[in-house]
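First the structure, in the form of structure tokens, and then the observations on it.
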Amino acid sequence: MARAKPISKSAPAKPVRLTRDFFDAPTVTVAKNLLGKLLSFNGHFGLIMETEAYVGENDPACHAARGITKRNAVMYGPPGHTYVYLIYGMYHCLNFVTEAKGKPAAVLIRGLYMPKTDLWLDGPGKLCRHLGITRDHTAMDLCGDDPSAMRLIDTGLRPKFDKTPRIGIRQGADKLWRFVVNSKI
DNA sequence: GAATAGATCCGC
DNA sequence: CGGATCTATTCA
């Protein structure tokens, strides 16, 4: 006799936040694992649908490819913090710092689905503009106790996804380090 | 100090 | 396709 297995039965009853260990891992792995996680900030909630990995000083597309600067310094710090920078003079991009302290790597959040408003934020600049994220929100601790900080919650979802080259870069375009959910959550 | 390219988005 | 317009790097 086949056992019926409700698909959402494994979802946790109460919100479980991602721990520092989640981010203290290979960046490509973290980028994949972030898909389907719930991001909470400033009263907004959205499921992460699209990410890209930027992996250390040997990745030519990474901001840390030419060493530490004032802008990218947070990438050299401990994992589980935000890295927000200004691109093209007008748009902000949200990243999460990964891997051990001293290893500059991060995951760029490119897409968010907001169930409450049925709004699909496709693109890092759009996403930050909607959530009100600016450079002021860089270096926030995602795993700390500050109630106003951004939070990441494990939904138990493991959505299927595609791998593609990263968007908008020339160096490192051969790497398939963009991950985008290809099925409905 | 100037020139240039860049992990973008929008309007024409 | 081009404009908006900040940051970091490269070149003089």
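Note that the structure is a prediction, hence the values are computed from the model and not measured. Below, chains carry the letters A, B, ... as their sequence lines are ordered, and counting in each starts from 1.
- Rounded to a whole Å, the CZ atom of A:R135 is 14 Å from the P atom of C:dT5.
- Using a 5.5 Å limit on the distance between ring centres and a 30° limit on the angle between planes, the aromatic ring of A:Y88 does not count as stacked on the six-membered base ring of C:dA4.
- Remark: C1' of B:dT8 and CD of A:E50 are 13 Å apart, rounded to the nearest angstrom.
- When distances are taken from the side chain of A:L86 to each of B:dT8, C:dA4, C:dC6, the shortest belongs to C:dC6.
- Distance from the side chain of A:Y91 is smallest for B:dT8 among the nucleotides B:dA7, B:dT8, C:dC6.
- Across all strands shown, A:G89 has heavy atoms under 4.0 Å from base atoms, whether or not it also approaches the sugar-phosphate.
- Across the protein-nucleic acid pair, A:N95 atom CG and B:dA7 atom P stand 11 Å apart, rounded to whole Å.
- Distance check on atom P: C:dT5 versus B:dG1 gives 24 Å, rounded to whole Å.
- In this structure, CD1 of A:I167 is placed 14 Å from C1' of B:dC9, rounded to the nearest angstrom.
- Atom NZ of A:K175 and atom CZ of A:R166 lie 7.5 Å apart (nearest 0.5 Å).
- The side-chain heavy atoms of A:M140 and A:V74, taken from C-beta on, include no pair separated by under 4.5 Å.
- Looking only at side-chain heavy atoms (C-beta outward), A:F23 and A:V97 stay at 4.5 Å or farther from each other.
- For A:R170 and B:dG6, the shortest distance from a side-chain N or O to OP1 or OP2 is below 4.0 Å.
- Around the NZ atom of A:K103, the shell of radius 6.0 Å holds no more than 12 heavy atoms that belong to other residues, nucleotides or ligands.
- Closest to the side chain of A:R71, out of B:dA7, C:dT7, B:dG6, is C:dT7.
- Contacts of A:L108 with the nucleic acid, taken as non-hydrogen atoms under 4.0 Å apart, include base atoms.
- Distances were taken from every side-chain heavy atom of A:I169 (C-beta onward) to each of B:dA7, B:dG6, C:dT9; the shortest belongs to B:dA7.
- The CG-P distance, from A:L127 to B:dT8, rounds to 13 Å in whole Å.
- For the residue pair A:A149 and A:F41, the shortest heavy atom distance occurs at C-CD1, 4.4 Å.
- Ranking C:dT9, B:dC10, C:dA4 by closeness to the A:K126 side chain, first place goes to B:dC10.
- What separates NE2 of A:H92 from P of B:dC9 is a distance of 13 Å, to the nearest Å.
- Pairing for B:dA7 is absent, with no Watson-Crick or G-U wobble pair whose two atom distances lie under 3.5 Å.
- Ranked by how close their nearest DNA chain B nucleotide is to the 5' end, A:R129 and A:E52 are led by A:E52.
- What separates CG of A:N72 from C1' of C:dT7 is a distance of 11 Å, to the nearest Å.
- Ring planes of A:W120 and A:Y113: tilted class, angle from 30 to 60°.
- Shown here, C:dT5 forms no base pair; nothing in the strands shown gives a Watson-Crick or G-U wobble contact with both key distances under 3.5 Å.
- Rounded to a whole Å, the CD1 atom of A:I109 is 12 Å from the C1' atom of B:dA7.
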